[in-house]
Amino acid sequence: MFSTVLKIHSISVTIFFLIYFIKTLLLLSNANEKLEKFKSYTKILEMIVSTLFLLTGIYLITKIPEIKFMLIIKLMVVAGSIPLAIIAYKKSNKILALISFAMIVAAYGLAEMSRTKKVSVEVADGKTIYETSCAICHGSDGKLGMAGASDLSQTSLQATEIVQIILNGKNAMPKVQMSEEQANAVAKYVLENIKK
Ligand code: HEC
């Protein structure tokens, strides 16, 4: 459900963006007649897309465990740009149209930035996940050998093999619940910090 809604959200945001972009271009190039035509052609599409954009956005917010600071800024910027855009197109005001378009672009730039940051936070979490999920059997140095656990300081496995063992288990080792990104981060931690 979540991923379907996320897909609809991305698609409607992209179409919304395109319409908005073309309108801004037409306004800036003084193509008033074309702008009016384009507006009337895309009126219904824009209504559908912006409704989907909003509804899926609201659904996604209720599903996110904690609302991040970046997300609030993004929402405020998007919310602020809409009335600006409406006024801009009503009055054919180019400066307002440019400002509101820049605001939307900035909001999506922010969204991308926070996404990249999240990935690097997950990589840094390799150690934390190892300590909480692996060290009980393997020990902080990899040598504990609890319940027959292999000595990870002597492992000859590749990162991809370690990821498979984490996600699927191996003989006496139960599979450990985590995302593939997290498993990659732990495997990286094992190879760089535990293996001698
Ligand atoms: C409940 C105890 C337990 C936990 C928790 C556990 N392991 Fe294991 N692990 C084992 C056992 C037992 C084996 C030996 C499996 C075999 O080969 O029969 C093993 C084997 C492995 C191997 C194979 C090593 C080699 O060179 O063959 C890797 C890699 C590994 N564990 C990584 C991890 C990581 C990373 C975590 C944390 C995400 C983890 N394990 C959590 C018990 C555990």
Side-chain angles (χ1 to χ4, degrees), residues 1-17 49 52-79 103-196:
M1 180 73 183
F2 186 85
S3 59
T4 316
V5 175
L6 190 61
K7 241 180 234 150
I8 299 174
H9 186 69
S10 319
I11 295 170
S12 51
V13 167
T14 310
I15 299 174
F16 182 80
F17 237 141
V49 161
L52 277 178
F53 169 11
L54 232 106
L55 290 181
T56 50
I58 292 169
Y59 172 85
L60 291 174
I61 290 172
T62 62
K63 294 293 169 195
I64 293 174
E66 47 172 328
I67 305 250
K68 303 264 160 53
F69 179 66
M70 279 298 210
L71 184 64
I72 295 175
I73 304 250
K74 176 182 149 187
L75 290 173
M76 277 167 39
V77 174
V78 172
M103 280 167 83
I104 297 254
V105 172
Y108 280 86
L110 283 179
E112 282 310 311
M113 251 167 65
S114 54
R115 202 168 299 154
T116 329
K117 210 157 120 206
K118 199 171 125 224
V119 172
S120 58
V121 167
E122 272 168 6
V123 172
D125 275 353
K127 181 185 167 69
T128 317
I129 301 171
Y130 182 86
E131 292 297 339
T132 52
S133 308
C134 319
I136 357 160
C137 293
H138 289 282
S140 288
D141 57 0
K143 296 180 186 164
L144 184 62
M146 187 68 94
S150 321
D151 182 350
L152 294 183
S153 71
Q154 303 297 327
T155 187
S156 54
L157 299 176
Q158 307 284 310
T160 49
E161 296 168 302
I162 298 179
V163 168
Q164 287 314 308
I165 294 177
I166 297 170
L167 297 178
N168 303 318
K170 186 185 176 194
N171 303 321
M173 175 173 155
K175 64 176 164 194
V176 185
Q177 285 292 339
M178 68 180 76
S179 71
E180 223 174 296
E181 282 91 17
Q182 288 171 321
N184 276 318
V186 181
K188 191 162 176 253
Y189 177 76
V190 168
L191 291 178
E192 285 174 5
N193 299 282
I194 306 283
K195 186 178 172 180
K196 287 280 170 300

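Just follow the structure's listing: the first ligand is 1, and inside any ligand the first atom is 1. Computed from a prediction, not measured in an experiment: that's the story for all the values here.
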Before giving the answer on side-chain contact (heavy atoms from CB on, under 4.5 Å), spell out for Met178 and Val186 the whole-Å C-alpha distance, their side-chain angles and the decisive distance to 0.1 Å. CA-CA 10 Å; Met178 68 180 76; Val186 181; 4.1 Å; yes

For ligand 1, which atoms, with element, lie under 4.0 Å from some heavy atom of Lys170? 15 (C), 17 (O), 27 (O)

Proximity winner for atom 20 (C) of ligand 1, if only heavy atoms of Ala135, Ser150, Ser156 are counted: Ser150

Only heavy atoms of Val186, strictly under 4.0 Å: list the atoms of ligand 1 that pass. 35 (C)

I'd like to check which ligand 1 atoms, numbered from 1 as shown, lie under 4.0 Å from a non-hydrogen atom of Thr155. 24 (C), 25 (C), 26 (O)

Students often mix this up, so state it plainly: with edges at 30° and 60°, are the rings of Phe16 and Phe53 parallel, tilted or perpendicular? perpendicular

Output the list of atoms in ligand 1 that are nearer than 4.0 Å to some heavy atom of Ser133, sorted by atom number. 5 (C), 37 (C), 41 (C)

I need the minimum non-hydrogen distance between Ala135 and Ser140, along with the two atoms involved. CB-N, 4.0 Å

Which atoms of ligand 1 are found less than 4.0 Å from any heavy atom of Pro174? 1 (C)

Compare all side-chain heavy atoms of His9 with those of Val13 and state whether any distance is below 4.5 angstrom. yes

When rounded to the nearest 0.5 angstrom, what is the spacing between OH in Tyr59 and CG in Leu52? 14.5 Å

Report yes or no: does His138 have an N/O/S atom closer than 2.8 Å to atom 8 (Fe) of ligand 1? yes

Per-atom contacts, ligand 1 versus Ala149 - under 4.0 Å to a heavy atom: 10 (C), 11 (C), 12 (C), 13 (C), 42 (C)

Can you list the atoms of ligand 1 that are under 4.0 Å from a heavy atom of Ala172? 12 (C)

Answer yes or no: are there more than 12 heavy-atom neighbours, outside Glu161 itself, under 6.0 Å from its atom CD? yes

With respect to atom 41 (C) of ligand 1, which of Glu161, Gln177, Met178, Met173 exhibits the smallest heavy-atom separation? Met173

Heavy-atom distance under 4.5 Å between the side chains of Ile194 and Tyr130, does that happen here? yes

Which option wins on minimum heavy-atom distance to atom 38 (C) of ligand 1: Gly142, Ala187, Cys134? Cys134

When rounded to the nearest 0.5 angstrom, what is the spacing between CD in Glu192 and NZ in Lys127? 13.0 Å

shortest atom 16 (C) of ligand 1-to-protein heavy-atom contact is with Asn171 ND2, 3.5 Å

Check: of Ile136, Asp151, Leu152, min heavy-atom distance to atom 28 (C) of ligand 1 comes from Leu152

For atom 1 (C) of ligand 1, grab the closest protein heavy atom and report residue, atom and distance to one decimal in Å. Cys137 SG, 2.8 Å

Give the atoms of ligand 1, by number and element, whose distance to some non-hydrogen atom of Ala147 is under 4.0 Å. 12 (C)

Can you confirm whether Ile165 sits close enough to Met173 that some side-chain heavy atom of one is under 4.5 Å from a side-chain heavy atom of the other? yes

Would you say that Leu167 contacts Glu180 through its side chain, given a criterion of any heavy-atom pair below 4.5 Å between the two side chains? yes

